[in-house]
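Structure, as structure tokens:
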There are 2 protein chains.
Amino acid sequence: MPLKNVTIYTDGACSGNPGPGGWAALLMYGDKERVITGYEAHTTNNRMELAAVVESLRVLKEKCLVAVHTDSSYVANAFNENWIEGWVKRGWKTADKKPVKNQDLWEELLKQMDRHQVTFVKVKGHSTDEFNNRVDRLAVEAIKLR
Amino acid sequence: MPLKNVTIYTDGACSGNPGPGGWAALLMYGDKERVITGYEAHTTNNRMELAAVVESLRVLKEKCLVAVHTDSSYVANAFNENWIEGWVKRGWKTADKKPVKNQDLWEELLKQMDRHQVTFVKVKGHSTDEFNNRVDRLAVEAIKLR
RNA sequence: GGACACCAACUUUG
DNA sequence: CAAAGTTGGTGTCC
């Protein structure tokens, strides 16, 4: 039996950066849609972008074939440009030997990616992408609701 | 003999942005008032805000002590937040290294400010400020007259 | 030096 | 309701 094919759009927002932040993920499988969101009182834009991906993968109960769509090159390049390989090889140090930020989230993300077969798709922000615009609004909402 | 103390209110309008634009300036010296206005067929809101200031200073024949009132933080911050110092230092590049827009008008403004002693006062737009409301109406009129 | 986000502020409009 | 004209900053990496 083939893996379920899941499409995910994620986005993070952060009012002030750093400041109160929110994230949102839209999960699509067949004609089913599911939305999850989250909030944090003091965080950064990049942590929220990351958290959206981590939490969306954590939600999937069985192993899936996942296409994660994000407008964050911070997140997408980590895998598509293989940044993360270098980080792990150097013991979570950047190219200029400084500690990689948000290591906790990156490690949790790696754990989730072990459970699934994940591809990252970089999309342009604030553009004509309907789904990206939706999660963008949802992420901003997630802050305002508090 | 002390410098003449001139109070100036400026405003710009732009129908469409970009689009046809107008600007107006109200110059006050003692109990004398003078109004100048201008029109451009294709311009931006910020160019009109800038042009209003440039032209109002150009009108003054002798060196004056001038208080320019504008509702544009684009204009006011350039001097009150010292943006312009950074631009000149960086060779007319913005903080993220992109070319400063409207360099022609900024340079002409600097030239005029050399001739006078100018202070910028930021006022709130579309508010209770009688003089700001007047130049606002005059700037919009300057477009409609064409 | 490059890239992508996340914001902050003020206007100008539609 | 949404978008353009403009600037300043931080979060992160190569």
Side-chain angles (χ1 to χ4, degrees), chain A residues 10-23 42-50 52 70-87 90 92-103 105-106 120 122-127 132-133 135-137 139-140 143, chain B residues 10-23 43-50 52 70-87 90 92-103 105-106 120 122-127 132 136 139-140 143:
Chain A
T10 63
D11 198 25
C14 187
S15 181
N17 195 32
W23 56 263
H42 185 76
T43 185
T44 68
N45 67 325
N46 289 328
R47 282 191 73 82
M48 289 295 93
E49 303 272 10
L50 257 175
T70 176
D71 62 25
S72 165
S73 81
Y74 177 57
V75 172
N77 285 349
F79 300 95
N80 293 338
E81 310 273 283
N82 256 317
W83 294 353
I84 202 152
E85 201 179 298
W87 299 341
R90 290 186 290 267
W92 293 101
K93 299 286 187 261
T94 64
D96 43 320
K97 271 98 174 171
K98 287 181 302 209
V100 171
K101 306 277 184 69
N102 308 316
Q103 185 185 338
L105 287 171
W106 288 116
F120 284 88
K122 168 70 178 69
V123 300
K124 216 176 147 27
H126 302 100
S127 176
N132 177 264
N133 287 342
V135 285
D136 176 62
R137 274 179 258 122
V140 171
I143 307 175
Chain B
T10 62
D11 198 23
C14 191
S15 180
N17 197 30
W23 57 263
T43 185
T44 67
N45 65 325
N46 289 328
R47 280 192 76 82
M48 289 297 92
E49 303 273 9
L50 256 175
T70 176
D71 62 25
S72 166
S73 82
Y74 177 58
V75 173
N77 284 350
F79 299 96
N80 293 339
E81 310 273 284
N82 256 316
W83 293 354
I84 202 152
E85 199 179 298
W87 300 341
R90 288 187 291 265
W92 294 99
K93 299 282 187 266
T94 64
D96 41 320
K97 272 104 173 167
K98 285 181 307 209
V100 171
K101 305 281 183 69
N102 307 316
Q103 183 184 339
L105 287 170
W106 288 117
F120 284 88
K122 168 72 180 70
V123 302
K124 215 177 148 26
H126 304 98
S127 176
N132 177 264
D136 176 61
V140 172
I143 307 176

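Letters go in sequence order (proteins before strands), and every chain restarts at 1.
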Practice problem: May I have the distance from B/W23 (atom CH2) to C/U12 (atom C1'), rounded to whole angstrom? | Solution: 18 Å

Quiz item: Starting at the 5' end of RNA chain C, which residue's closest nucleotide do you reach first, B/D136 or A/G125?
Solution: A/G125

Quiz item: If only side-chain N and O atoms of A/K122 are considered, is one of them under 4.0 Å from the OP1 or OP2 phosphate oxygen of C/A5?
Solution: yes

Quiz item: Within this structure, what is the NZ-to-C1' distance between A/K124 and C/A5, rounded to whole angstrom?
Solution: 10 Å

Quiz prompt | Heavy-atom donor-acceptor pair, A/N17 side-chain to C/C7 base, under 3.5 Å | solution = no

Self-check item: Integer-rounded Å distance: C/U12 C1' and B/K101 NZ
Solution: 15 Å

Quiz item: How close or far is atom P of C/U11 from atom CZ of B/R47, stated in whole angstroms?
Solution: 21 Å

Quiz prompt | Position toward the 5' end of DNA chain D (nearest nucleotide), B/K93 or A/T94 | solution = B/K93

Quiz item: Is there side-chain contact between A/V135 and A/T10, with heavy atoms separated by less than 4.5 Å?
Solution: no

Quiz item: Along DNA chain D, 5' to 3', what are the outermost nucleotides having an atom less than 4.0 Å from a heavy atom of chain B?
Solution: D/dA4 to D/dG9

Quiz item: What distance do B/N17 atom CG and B/T43 atom OG1 have between them, rounded to the nearest 0.5 Å?
Solution: 8.5 Å

Self-check item: Short side-chain N/O contact from A/H126 to OP1 or OP2 of C/A5, under 4.0 Å
Solution: no

Quiz item: Contact class for A/V75 (heavy atom, under 4.0 Å): base, sugar-phosphate, or nothing?
Solution: nothing

Quiz item: Want to settle it: does B/S73 or A/S72 sit nearer the 5' end of RNA chain C, counting the closest nucleotide to each?
Solution: A/S72

Practice problem: Can you measure from CD1 (A/I84) to CH2 (A/W106) and round to the nearest 0.5 angstrom? | Solution: 5.5 Å

Quiz item: When the distance from CG of A/D96 to P of C/G1 is rounded to whole Å, what number comes out?
Solution: 15 Å

Quiz item: Base, sugar-phosphate, or nothing: which does B/D11 touch, judged by heavy atoms less than 4.0 Å apart?
Solution: sugar-phosphate

Quiz item: Which pair of heavy atoms, one from A/N132 and one from A/K124, lies closest together, and at what distance?
Solution: OD1-O, 3.8 Å

Practice problem: Have a look at A/E81 and say if it touches a base, only the backbone sugar-phosphate, or nothing, with a 4.0 Å heavy-atom cut-off. | Solution: nothing

Quiz item: Which part of the nucleic acid, if any, lies within contact of B/W87, taking any heavy atom under 4.0 Å across all strands shown: a base, the sugar-phosphate backbone alone, or nothing?
Solution: sugar-phosphate

Quiz item: For A/R137, which contact category applies under a 4.0 Å heavy-atom criterion: base, sugar-phosphate, or nothing?
Solution: nothing

Could you list the donor-acceptor pairs under 3.5 angstrom formed between side-chain atoms of residues 95-103 of chain A and any protein atom two or more places apart in sequence or on another chain?
residue: A/D96; atom: OD1; partner: A/T94; partner atom: OG1; Å: 3.4
residue: A/D96; atom: OD2; partner: A/K98; partner atom: NZ; Å: 3.2
residue: A/N102; atom: OD1; partner: A/R47; partner atom: NH1; Å: 3.0
residue: A/N102; atom: ND2; partner: A/Y74; partner atom: OH; Å: 2.9
residue: A/Q103; atom: NE2; partner: A/E107; partner atom: OE2; Å: 3.3

Quiz item: Nearest-Å distance, CG (A/N45) to P (C/A8)?
Solution: 12 Å

Quiz item: Counting distance only, does the side-chain N/O of B/D136 pair as donor-acceptor with the main-chain N or O of B/D11 below 3.5 Å?
Solution: no

Quiz item: Do the side-chain N or O atoms of A/S15 get closer than 4.0 angstrom to the phosphate oxygens (OP1, OP2) of C/A8?
Solution: yes

Practice problem: Determine the contact category for B/G12: base if any of its heavy atoms lies under 4.0 Å from a base atom, sugar-phosphate if only primed atoms, P, OP1 or OP2 are that close, otherwise nothing. | Solution: sugar-phosphate

Quiz item: To the nearest angstrom, how far is B/D71 atom CG from C/U13 atom C1'?
Solution: 14 Å

Quiz item: Should A/K122 and A/N77 count as side-chain neighbours, where that means a heavy-atom distance under 4.5 Å?
Solution: no

Exercise. Could you tell me whether the side chain of B/N46 has a donor or acceptor atom within less than 3.5 Å of a complementary atom in the base of C/U11?
Key: no

Quiz item: Within the distance-only criterion (no hydrogens, no angle test), does the side chain of B/N45 pair as donor or acceptor with the backbone N or O of B/G12 below 3.5 angstrom?
Solution: no

